[in-house]
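Please read all numbers here as calculations on a predicted model, not as lab measurements. Position 1 is the first residue of the sequence; numbering continues from there.
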Amino acid sequence: MFLRWARAGLGVRGAFVRMAHTRTGGRDARPVVHSAPTLPQSFLRIMAWLPVALFVTHHVVTLANVHGTSMSPTFNPVSDEQRARPGPAPPTDIVLLNKLVSTTRQYRKGDIVTLYSPQEPTKLITKRILALGGDTVHLWVPSGANLTPAPHSAPQDEVHSLAYTEIYHDALHKLATEIQEHESGAWMRITIPPNCAWVEGDASASQSRYARLHPGMKSRDSRSFGPVPLGLIHARVEYIVWPLSRFGKPQPRPSNQR
């Protein structure tokens, strides 16, 4: 009987010894110490991700500043007090750009896009698409200092616009499918060609067609250079990121008061 107890005791002790040996990994086991990466290693890890970051910012999404007031009040809104008392330029809005859309070219009327200016090919401008291929735009081009247009009976769902320039542009004149001449100017009916868009700054929507545009709110857009090829579009604005008080999707175009 005593021998059985002794054997049982040895068996239990052996089990504890095996468990301890397993947990410690044996007498020769040493704790594994992970050394911090060296500066060259950290630099190489960062450089390995650089191509991914460049691809994303060049072809997928990126952040950008919107400068100027041609898209006010959607971007960089200017209050009446600021117009009356010009001071230091307010901080510019920061927006998130969707660059993938430039490959699919699936644009909709109302989209705000960045595009290369037809007049300055190295300059990016921000405008809103008002019409696409096949749509009709009725543009009033004054011939004198008075911007008041002659009466026009075009359907209200069609795009009406007011050229801020007093000069007839040959390009617009050639594009017009119909011209109604008046003493103070002319109505031009322009049908947007395929794969093109008519773009304007939102500032043009807040100006009455019966008053001269505010000098600081002019927008050089399709009213000056006509429809633009979709291939010039660089990206679409998806969100306002800064200031945080206006974070979110851009507001629709202001009501046209013309």
Within-4.5 Å side-chain heavy-atom neighbours: [X] and [Y]:
X: F225; Y: P118; result: yes
X: Q119; Y: R220; result: yes
X: V95; Y: V241; result: no
X: R223; Y: V141; result: no
X: D93; Y: W242; result: no
X: L132; Y: K109; result: yes

- Message: Parallel, tilted or perpendicular, judged at 30° and 60°: which one describes the rings of H182 and W140?
- Response: tilted
- Query: Under the salt bridge (Lys or Arg N to Asp or Glu O under 4.0 Å) rule, what pairs show up with a residue in residues 227-244, not counting sequence neighbours?
  - Reply: D111-R236, R236-E238, E238-K249
- L232 CG to C196 SG distance, which is reported to the nearest 0.5 Å: 9.0 Å
- Query: Rounded to the nearest 0.5 Å, what separation is found between the CG atom of L130 and the CD atom of E200?
  - Reply: 5.0 Å
- Task: Count the heavy atoms belonging to other residues, nucleotides or ligands that lie under 6.0 Å from CD of Q251, then report whether that count exceeds 12.
- Result: no
- Message: Is it true that, when you exclude Y107 itself, more than 12 heavy atoms of the residues, nucleotides or ligands shown sit nearer than 6.0 Å to its OH?
- Response: yes
- Query: Only one of L97, V101, I125, L115 forms a side-chain contact (heavy atoms from CB on, under 4.5 Å) with H234, so which one is it?
  - Reply: L97
- Message: Side chains of T69 and N76 only: does a donor on one sit below 3.5 Å from an acceptor on the other?
- Response: no
Can a donor-acceptor pair be found, under 3.5 Å and without considering hydrogens, that links the side chain of [X] to the backbone of [Y]?
X: R253; Y: G201; answer: yes
X: S222; Y: W198; answer: no
X: N98; Y: L100; answer: yes
X: T177; Y: R189; answer: yes

Determine the minimum heavy-atom distance between [X] and [Y], stating which atoms define it.
X: E181; Y: A186; answer: OE1-CB, 3.7 Å
X: P250; Y: I240; answer: CA-CD1, 4.3 Å
X: P227; Y: I192; answer: CG-CD1, 4.0 Å

- Task: Run the salt-bridge test on K127 and D202 with the 4.0 Å N-O cut-off and return the result as yes or no.
- Result: no
- Message: For D221, is there an ion pair with R128 - N to carboxylate O distance below 4.0 angstrom?
- Response: no
Cluster overlap [X] with [Y], hydrophobic side-chain contacts below 4.5 Å:
X: I233; Y: V237; result: no
X: I179; Y: V159; result: yes
X: I129; Y: V228; result: yes

- Query: Should L175 and I190 be marked as a side-chain contact (heavy atoms from CB on, under 4.5 Å) after you check the CA-CA gap, both sets of side-chain angles, and the distance that decides it?
  - Reply: CA-CA 6 Å; L175 281 173; I190 298 174; 4.3 Å; yes
- Task: List the steps and the verdict of side-chain contact (heavy atoms from CB on, under 4.5 Å) for L96 and L63.
- Result: CA-CA 5 Å; L96 180 69; L63 296 176; 3.9 Å; yes
